[in-house]
Participant: 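The structure under discussion is supplied below as structure tokens; questions concerning it will follow.
Computed from heavy atoms alone, side chains included, the values below leave out hydrogens, waters and symmetry copies. A quick note: this is a predicted structure, and the numbers were derived from the prediction, not measured. Both counts, for ligands and for their atoms, begin at 1 and track the order of listing.
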Amino acid sequence: MSRSISLDETLTNYVRKANRAESPALERCRIETDAREDKMMQISPEQGAFMKLIARMVNARTAVEVGVFTGYSALATAETMKEMHGTKARLFACDVSYDFIGMAEDYWKEGGVADIIQPVIGDARHSLIGLLNDGLGESVDLMFVDADKTGYPDYYTAGLSLLRPGGIMLFDNVLWSGSVADPQKCDEDTEALRAIADKLREDDRVEIAFTAIGDGVLMAMKR
Ligand SMILES: C[S@@+](CC[C@H](N)C(=O)[O-])C[C@H]1O[C@@H](n2cnc3c(N)ncnc32)[C@H](O)[C@@H]1O
């Protein structure tokens, strides 16, 4: 039986070169974010490439992101959505932080996708309910969840109502740097991530794949 391997720096660089080059806006977002202390919050470029392909596979025209930070994952997704659907595409980008959204908007403008990204500022628990109240139920093709881990159950509940059948929800960081498999780790973030994995495994409303991409990406497709 084979298993996912961990990547050293040489192999990580190989993977990066094997993917297509990022757009100039994505590259600037990655490099400038890399100079920040909180840089670990940003997804990797290879995860960005993965998300672009998922967006294409589900023909994403309407998407929701929960957890924007400096905007890399939203930019990657939105580039593909705009290529496919032009200005008919719409990505709702939810984050609590005005500052992060402000930074992200700069990259989105450079990438030519600011016109299809609608920032939604506030606690995403409320923002997602707001999107449902605005009539988005059963219309979302792709949702990426990458915010506070204790919010994942609420994001899942709202996300299932937002997704169309066949739509995909991605939960980031489900490996939590390995903590989820360490019985000594019982903090609330780790417990929340274990709980969402357990819940989705038993939920026959979705098909799932728990993958070891990056820090772990749990994929759920609504039946
Ligand atoms: C891991 S970062 C997101 C990284 C981003 N997807 C990227 O590609 O760079 C998590 C983000 O979630 C946001 N966040 C935390 N709690 C939140 C909440 N309750 N509602 C909305 N956003 C939240 C933080 O402000 C932060 O920007």
Participant: Which part of Tyr155 is near ligand 1, with near meaning a heavy atom under 4.0 Å away: side chain, backbone, both or neither?
Facilitator: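 Answer for Tyr155: side chain.
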Participant: My understanding is that we take every heavy atom of each candidate and find the minimum distance to atom 22 (N) of ligand 1. Doing that for Val96, Ile121, Val145, Ile43, which one comes out nearest?
Facilitator: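 Heavy atom nearest to atom 22 (N) of ligand 1 belongs to Val96.
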Participant: Can you check whether Gly71 has an N/O within less than 3.5 Å of an N/O in ligand 1?
Facilitator: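 In this structure, Gly71 places no N or O atom under 3.5 Å from an N or O of ligand 1.
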Participant: Looking only at protein heavy atoms, which one is nearest to atom 8 (O) of ligand 1, and how far off is it?
Facilitator: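 Looking at atom 8 (O) of ligand 1, the protein heavy atom closest to it is Ser73 OG, 2.9 Å.
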Participant: Would you sort out whether Arg201 and Asp204 count as a salt bridge (charged side-chain N to carboxylate O under 4.0 Å, His left out), showing the intermediate values?
Facilitator: CA-CA 8 Å; Arg201 194 177 52 250; Asp204 59 14; over 6 Å; no
Participant: Would you check if the side chain of Ser139 reaches a backbone N or O of Gly135 as a donor-acceptor pair within less than 3.5 Å?
Facilitator: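 Flag not set: sc Ser139 to bb Gly135 has no pair under 3.5 Å.
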Participant: With no hydrogens and no angle check, is any side-chain donor or acceptor of Asp215 less than 3.5 Å from a backbone partner on Trp176?
Facilitator: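 Side chain of Asp215 to backbone of Trp176, a donor-acceptor pair under 3.5 Å: yes, one is there.
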Participant: Identify the closest protein heavy atom to atom 1 (C) of ligand 1: which residue and atom is it, and at what distance?
Facilitator: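 Its nearest protein heavy-atom neighbour is Met41 O, 3.3 Å.
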Participant: For the residue pair Phe100 and Phe69, does the interplanar ring angle fall in the parallel (under 30°), tilted (30 to 60°) or perpendicular (over 60°) class?
Facilitator: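 If you compare the ring of Phe100 with that of Phe69, the planes turn out perpendicular.
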Participant: Check this for me: Arg223, atom CZ, are more than 12 non-hydrogen atoms of other residues, nucleotides or ligands nearer than 6.0 Å?
Facilitator: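 Count over threshold, so yes.
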Participant: Specify the protein heavy atom at minimum distance from atom 20 (N) of ligand 1: its residue, its atom name, and the distance to 0.1 Å.
Facilitator: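 Of the protein heavy atoms, Ala124 N, 2.9 Å lies nearest.
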Participant: Determine yes or no for a side-chain-to-main-chain donor-acceptor pair under 3.5 angstrom, with Asp203 supplying the side chain and Arg205 the backbone.
Facilitator: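 It does hold such a pair.
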Participant: Give the atom numbers and elements of ligand 1 that come within less than 4.0 Å of a heavy atom of Phe69.
Facilitator: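 It comes down to these atoms of ligand 1: 2 (S), 3 (C), 4 (C), 5 (C), 9 (O), 27 (O).
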Participant: List for me each residue that meets side-chain contact (heavy atoms from CB on, under 4.5 Å) alongside Thr150, sequence neighbours excluded, and say none if there are none.
Facilitator: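 Thr150 satisfies side-chain contact (heavy atoms from CB on, under 4.5 Å) with Arg125, Asp148, Glu188, Asp189, Ala192 only.
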Participant: Give the atoms of ligand 1, by number and element, whose distance to some non-hydrogen atom of Ala147 is under 4.0 Å.
Facilitator: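 Counting atoms of ligand 1 from 1, those under 4.0 Å from Ala147 are 12 (O), 14 (N), 23 (C).
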Participant: Considering only residues two or more places apart or on different chains, which pairs with a residue in residues 96-117 satisfy side-chain hydrogen bond (donor to acceptor under 3.5 Å, both in side chains)?
Facilitator: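 Found Arg28-Asp106, Arg28-Glu110, Glu32-Tyr107, Lys82-Asp115.
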Participant: State whether the side chain of Ser127 and the backbone N or O of Asp123 hold a donor-acceptor pair below 3.5 Å, judged by distance alone.
Facilitator: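 Yes, Ser127 side chain to Asp123 backbone: donor-acceptor pair under 3.5 Å.
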Participant: How far is atom 10 (C) of ligand 1 from the closest protein heavy atom, and which atom is that?
Facilitator: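 Closest protein heavy atom to atom 10 (C) of ligand 1: Asp146 O, 3.0 Å.
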Participant: Please state which protein non-hydrogen atom is closest to atom 9 (O) of ligand 1 and give its distance, to 0.1 Å?
Facilitator: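 Nearest protein contact, heavy atoms only, for atom 9 (O) of ligand 1 is Gln42 CA, 3.4 Å.
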Participant: Going by the order shown, which atoms of ligand 1 are within less than 4.0 Å of some heavy atom of Gly122?
Facilitator: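 Matching atoms, with element in brackets: 20 (N), 21 (C).
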Participant: Taking only heavy atoms of Arg125 into account, list the atoms of ligand 1 that are under 4.0 Å away from them.
Facilitator: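 Reading through ligand 1 atom by atom, the close ones are 19 (N).
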Participant: For ligand 1, which part of Val68 has a heavy atom less than 4.0 Å away: the side chain, the backbone, both, or neither?
Facilitator: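 Looking at Val68 and ligand 1, just backbone atoms fall under 4.0 Å.
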Participant: Who's the nearest protein heavy-atom neighbour of atom 15 (C) of ligand 1, and how far?
Facilitator: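 Result: Asp148 N, 3.8 Å.
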Participant: Which protein non-hydrogen atom lies closest to atom 26 (C) of ligand 1, naming both residue and atom, and how far is it?
Facilitator: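 Atom 26 (C) of ligand 1 sits closest to the protein heavy atom Asp95 OD2, 3.5 Å.
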Participant: Could you grab the distance from atom CD1 of Ile54 to atom OG1 of Thr80, nearest 0.5 Å is fine?
Facilitator: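 Between atom CD1 of Ile54 and atom OG1 of Thr80 there are 11.0 Å.
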Participant: If we set the cut-off at 4.0 Å for heavy atoms, which region of Phe100 has an atom near ligand 1: side chain, backbone, both, or neither?
Facilitator: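 The answer is the side chain of Phe100.
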